[in-house]
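Lettering of chains follows the sequences in order, A, B, ..., and the numbering in each one begins at 1. The model shown is predicted, which means the values in this text are computed figures rather than measured ones.
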Amino acid sequence: MKIHEHQAKELFAKAGVAVPRGIVAFTADDAEKAAAALKGQGAKLFVVKAQIHAGGRGKGGGVKLAKTPEEVKTLASSILGMMLKTHQTGPEGQKVKRLWIEEGTPPKKEMYLSMILDRATQGVTILASAEGGMEIEELAHNSPEKILTMPVEPASGWSAFYTRRIAAFLGIGQSETDAHLVKQLDLFCTNLYKFFWDKDCSIVEINPLAVVGEGAESRLIALDAKVNFDDNALGRHNDVRELRDLDEEDPSEVEASKWDLNFIKLDGTIGCMVNGAGLAMATMDIIQHYGGSPANFLDVGGGATAEKVREAFKIITKDPNVKGIFVNIFGGIMKCDTIAEGVISATKEVGLKVPLVVRLEGTNVDKGREMLAKSGLNITSASSMADGAQKIVKETSK
Amino acid sequence: MSVLVGTNTRLITQGITGKVGLFHSQGCRAYALECGAKGGKVLGGVTPGRGGQTVDGFPVWNSVYEAVKKEGANTSMVFVPPFGAADAILEALDAGIELVVAITEGVPVLDMVRVRQFMHAKNRERAAAGLKPQRLIGPNCPGIITPGQIKIGIMPGYIHRPGNVGIVSRSGTLTYEAVHQTTSLGMGQSTCIGIGGDPVNGTNFIDALELFEKDPDTHSIIMIGEIGGSAEEEAAEWIKKNTKKPVVGFIAGRTAPPGRRMGHAGAIISGGKGTADGKMAAMKEAGIRVSPTPAELGTTLKALLEGKI
């Protein structure tokens, strides 16, 4: 699950990870009030930051500097409601519904720091670079030597030597005047690593991690914050679950998630209902192989009930682009009769206006096939996944 | 012969009193009984606090320790719900179970990081004592089956036939697909291992390939991967160096949009790595025959074995 920058910063502040002061605002008036409040605490410069779940907001015009609360208000009214387009949003952009008004802290040095759950090392790995604030992926590709990749041994947890390695690589705290930054970095990393484990994160990314202020007054601060959580663990973090912003998600995906369905909307014409993520992806692949295009990825999961299958079917049929549906089931945990029951009950409720091809195999297959045959529905049955894919592509290209 | 499981398996189920755990324990017992003298043993299960009861003829024990001591259990199948699954796996390992097969879907990833740590430490101790390492398959996997001997997991048993194809896959239902296709073409399977799709798991492709390479009854291999991570690339590299047996491969997710989560926590494409095309290229480079579609795994293998491709 993703959250907004302001939510991440609020969590960081609670966890003892240094962030600039800021206040979230949903209207231009609130934004002005927020800036006035920050001014009262000594802020001389303000940053107005659009809050959407995508990176590249600055380049897209979603991050602006202001000198007065009045200016903050003007900028806020122009940013709120805009369709912010970045390389991560897709061509139509994402509507800005909230802002983060932050105390401006001009960086002397911008660096990159992240912690990720790394499948290669089967633990948490740190990535750090002295060149933050720019496209880190590009840097990783063109100059991999400029990125420190450091796995943390889970058994030991965070230890100060990790901090010293990062500091040396970043080139901070290496002189007498800024030696205090190593201590700050250690506190920063210790708390961030603890936060990662405490909240079951999958990615924590700070880009840029900045040094602000001069000499002995200099300090480390997270100017941006991105946090992704492990969806599997959300059930044990009520505080994190509450941060979900449904406005940032596709409505059909939100509906699907209510039923615990693994659904991703795509832009093709063939609706797919499959059990298992691998088979679901393979079904999309084979549809494409025979010249069709999938309208969605849908894994109904292993332990689906007939009710869940019915809702899944309804979500697929709601998509106006869908010209045909391919149900491809190889039952293991999933029983074929459950699928048949769900499909029949959904079509009774919402009708069946497009061709439906069903391929059933596995647990209770005979029972499932019989139920579909007796249902009187206009269903084309398929003997294999290749047969089914060819049939649905043919039906939808008529 | 087979790998990891077979006639000598003495299986228990952790979470046997749950609906799903019981249903599949019954399936595994029925399969083992049908196998007759070659069949492994499905002993019963563990649910803390329910010891001494029986469910559908299965004895229930309070702990894995008890099942090991009283019945000589050597293999465990875990159906414990996600937040308790890691703990159940740890108990099984601590009790000395040789192979833990974790079916549970949705286990928090950091819980699995802890399990891996525990296993590393345990296996170092075991190596020092001259014992063979303990293994974990899964979580979020269909399990493992040696046709004609024992089925451990949720796969439909009837599609399998004893034979000589070793199958390893990240995806459960795609494993069934490969099994069904090979069986339909008159080929059977030595052992099928579903390693599961989670980013941190117990057994990876290379572990499974190593077992297949050593197993005299495995004559050829089907390996099915997914987008995300670099396990398939590493496995291809390993195959190139170590495998003499013919291998057919497939990667699911060629048409998946980049950057989107596709169900398995692991199936994330990031930074240009882990794409289906990249993985297929690595497979081809290693001499693996890549099936053009998921429906042609069986026919590709058959053609390869008959020297037609």
Taking all non-hydrogen atoms of both residues, which atom of [X] and which atom of [Y] are closest, and how far apart?
X         : Y         : answer
Phe330(A) : Pro156(B) : CE2-CG, 4.2 Å
Ala256(B) : Met284(A) : CA-CE, 4.1 Å
Ala155(A) : Gln117(B) : CB-OE1, 3.5 Å
Pro294(B) : Met385(A) : CG-CE, 3.6 Å
Ala252(B) : Gly278(A) : CB-O, 3.7 Å
Gln122(A) : Pro199(B) : NE2-O, 3.3 Å

Can you tell me which portion of [X] sits under 4.5 Å from chain A's heavy atoms? Options are side chain, backbone, both or neither.
X         : result
Ile251(B) : backbone
Phe118(B) : neither
Val20(B)  : side chain
Arg254(B) : both

- Measure Val124(A) against the heavy atoms of chain B and call it side chain, backbone, both or neither at under 4.5 Å. side chain
- Item | Which atoms of Ser384(A) approach chain B - backbone, side chain, both or neither, heavy atom under 4.5 Å | neither
- Arg359(A) and Glu177(B) ion-paired at < 4.0 Å: yes
- What residue in Pro108(B), Ala295(B), Ala121(B) has the most heavy-atom pairs under 4.5 Å with chain A? Pro108(B)
- Closest-packed option against chain A by number of heavy-atom pairs under 4.5 Å, given His180(B), Met112(B), Met155(B), His24(B): His180(B)
When you look at [atom1] of [X], are more than 12 heavy atoms from neighbouring residues, nucleotides or ligands closer to it than 6.0 Å?
X         : atom1 : answer
Lys85(A)  : NZ    : no
Lys394(A) : NZ    : no
Lys308(A) : NZ    : yes
Asp198(A) : CG    : yes

- Message: Tell me if a side-chain donor or acceptor on Tyr158(B) pairs with a main-chain N or O of Thr363(A) at a distance below 3.5 Å.
- Response: no
- Query: With no hydrogens and no angle check, is any side-chain donor or acceptor of Thr173(B) less than 3.5 Å from a backbone partner on Asn275(A)?
  - Reply: yes
Starting at [atom1] of [X], measure out to [atom2] of [Y] and round the result to the nearest 0.5 Å.
X         : Y         : atom1 : atom2 : value
Leu174(B) : Leu279(A) : CG    : CG    : 5.0 Å
Asp111(B) : Asp200(A) : CG    : CG    : 6.5 Å
Asp198(B) : Asp230(A) : CG    : CG    : 8.5 Å

- Task: Kindly determine whether Leu110(B) and Phe196(A) satisfy side chain to side chain contact (heavy atoms under 4.5 Å, CB included), including the steps that lead there.
- Result: CA-CA 10 Å; Leu110(B) 287 171; Phe196(A) 194 103; 4.1 Å; yes
Contact leader toward chain B among [options], where contacts are heavy-atom pairs under 4.5 Å:
options                                    : value
Ala389(A), Ala282(A), Ala120(A), Cys201(A) : Ala282(A)
Ala386(A), Gly123(A), Pro154(A)            : Pro154(A)
Met334(A), Glu361(A), Glu153(A)            : Glu361(A)

- Short side-chain donor-acceptor distance under 3.5 Å, Asp285(A) and Thr255(B): yes
